[in-house]
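Okay, structure first, notes after.
For reference, positions follow the sequence shown, starting with 1.
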Amino acid sequence: MNEVEEKSKDIIKLTSEKLSIDEVSRLVISPLCGAISLFVGITRNNFEGKKVISLEYEAYLPMAENEIRKICIDIRQKWPVRHIAVFHRLGLVPVSEASIIIAVSSAHRAAALEAVSYAIDTLKARVPIWKKEMYEESSSSWKRNKECFWATSD
């Protein structure tokens with residue numbers, strides 16, 4: 001298969017289903033690429049001394065998908081990448097499960113690594129996805145991304 005026959009693809013999925021690192025990484029494999037970089041964000045069991053039991057994510061789907069597509073366009077203008085996959089889980093995400101998986105393939109590692117880093121930082125700043133932390137003591141707290149452009153400083 002040559003470069004002309006393999007069209008670059010952007011795969012975006014916002015879902016309440018459990019995310020699979022294997023599935024997402026397979027989607028970006030290309031015989032033209034020697035690198036696949038992944039970012040996997042998982043629910044940790046603590047935040048500022050509180051025991052976290054799960055996270056809950058909500059999104060405004062049309063706008064979130066549109067903003068993620070714009071991030072993919074930005075990545076393609078900055079780095080020579082082949083395929084991009086961005087999967088984000090919605091609803092409850094228990095401790096140790098993935099809430100986001102980003103995968104990028106490219107001919108060489110530098111482009112894939114830089115693109116993945118840009119993708120997660122930009123997604124947290126621009127995409128309307130909200131996170132609520134659920135604590136062991138039956139309380140919860142909506143969290144804002146410090147990178148988010150519409151958040152005001154305290």
Side-chain angles (χ1 to χ4, degrees), residues 9-29 33 35-79 81-106 108-154:
K9 56 189 173 187
D10 299 336
I11 307 115
I12 298 164
K13 185 175 183 180
L14 299 161
T15 180
S16 60
E17 298 170 10
K18 188 173 181 176
L19 301 181
S20 164
I21 296 168
D22 288 340
E23 174 191 356
V24 177
S25 62
R26 275 195 309 272
L27 290 171
V28 300
I29 290 174
C33 296
I36 293 174
S37 291
L38 292 168
F39 172 80
V40 181
I42 64 170
T43 301
R44 66 177 173 268
N45 69 356
N46 66 86
F47 182 76
E48 295 181 348
K50 294 180 183 174
K51 184 165 182 166
V52 175
I53 57 170
S54 65
L55 298 177
E56 182 178 356
Y57 289 92
E58 291 185 6
Y60 178 57
L61 289 176
M63 188 175 176
E65 290 170 353
N66 190 47
E67 285 301 314
I68 294 170
R69 285 187 209 298
K70 288 178 186 176
I71 292 168
C72 292
I73 291 167
D74 291 349
I75 287 170
R76 294 188 181 286
Q77 291 173 347
K78 296 173 184 297
W79 296 281
V81 302
R82 176 60 54 184
H83 303 306
I84 303 168
V86 179
F87 282 43
H88 203 299
R89 191 158 166 193
L90 301 175
L92 287 177
V93 183
V95 169
S96 299
E97 290 189 15
S99 55
I100 185 165
I101 303 172
I102 301 171
V104 177
S105 60
S106 63
H108 304 285
R109 71 180 174 269
L113 287 166
E114 291 170 15
V116 164
S117 180
Y118 175 85
I120 187 60
D121 290 345
T122 308
L123 183 142
K124 289 177 74 73
R126 292 188 355 205
V127 178
I129 296 174
W130 299 277
K131 172 175 74 176
K132 181 169 40 170
E133 290 182 341
M134 312 296 280
Y135 305 116
E136 185 177 52
E137 65 273 4
S138 299
S139 65
S140 63
S141 174
W142 285 101
K143 308 308 281 187
R144 67 182 171 104
N145 290 323
K146 66 179 189 271
E147 303 90 347
C148 192
F149 73 89
W150 63 78
T152 56
S153 55
D154 294 336

Heavy-atom closest contact (Leu92 atom, Pro94 atom, distance): O-CD, 3.8 Å
Pairs under 3.5 angstrom only: tabulate donor-acceptor contacts from the side chains of residues 22-29 to other protein residues two or more places apart or in another chain.
{"unit_1": "Ser25", "atom_1": "OG", "unit_2": "Ile21", "atom_2": "O", "d": "3.0"}
{"unit_1": "Ser25", "atom_1": "OG", "unit_2": "Asp22", "atom_2": "O", "d": "3.1"}

Qualifying residue, where the test is side-chain contact (heavy atoms from CB on, under 4.5 Å) with Ile68 and the options are Ile73, Ile12, Ile102: Ile12
For the student: nearest non-hydrogen atoms of Leu19 and Phe87, plus distance: CD1-O, 3.8 Å
Without placing hydrogens or testing angles, list every side-chain donor-acceptor pair under 3.5 Å for residues 39-47, not counting sequence neighbours.
{"unit_1": "Thr43", "atom_1": "OG1", "unit_2": "Val93", "atom_2": "O", "d": "3.2"}
{"unit_1": "Arg44", "atom_1": "NE", "unit_2": "Asn46", "atom_2": "O", "d": "3.1"}

Spacing of CH2 belonging to Trp130 relative to CD belonging to Glu58, to within rounding of 0.5 Å: 8.0 Å
Short side-chain to backbone donor-acceptor contact, Arg76 and Arg82, under 3.5 Å: yes
Heavy-atom neighbours of Lys51 NZ exceed 12 at 6.0 Å: no
Ala111 to Val81 - nearest heavy-atom pair and separation: O-CG1, 4.2 Å
Residues forming a side-chain hydrogen bond (donor to acceptor under 3.5 Å, both in side chains) with Ser99, sequence neighbours excluded: Tyr57
Sub-4.5 Å side-chain heavy-atom contact between Val127 and Ile71: yes
Rounded distance (nearest 0.5 Å) linking atom CG of Asp74 with atom OG1 of Thr122: 7.0 Å
Distance (rounded to the nearest 0.5 Å) between Ser37 OG and Ile84 CD1: 12.0 Å
CG on Leu61 to CG on Leu90, rounded to 0.5 Å: 6.0 Å
Pairing residues for Lys70 by the salt bridge (charged side-chain N to carboxylate O under 4.0 Å, His left out) criterion, not counting sequence neighbours: Glu67
Side chain to side chain, Asp10 and Arg69, heavy atoms closer than 4.5 Å: no
Nearest-0.5 Å distance that lies between atom CG in Leu113 and atom CG in Leu38: 10.0 Å
Contacts of type side-chain hydrogen bond (donor to acceptor under 3.5 Å, both in side chains), residue Glu97, not counting sequence neighbours: Arg89
Listed partners of Glu114 passing side-chain hydrogen bond (donor to acceptor under 3.5 Å, both in side chains), at least two apart: Trp79
Within-4.5 Å side-chain heavy-atom neighbours: Tyr135 and Val52: yes
Any donor-acceptor pair under 3.5 Å from Ser105 side chain to His83 backbone: yes
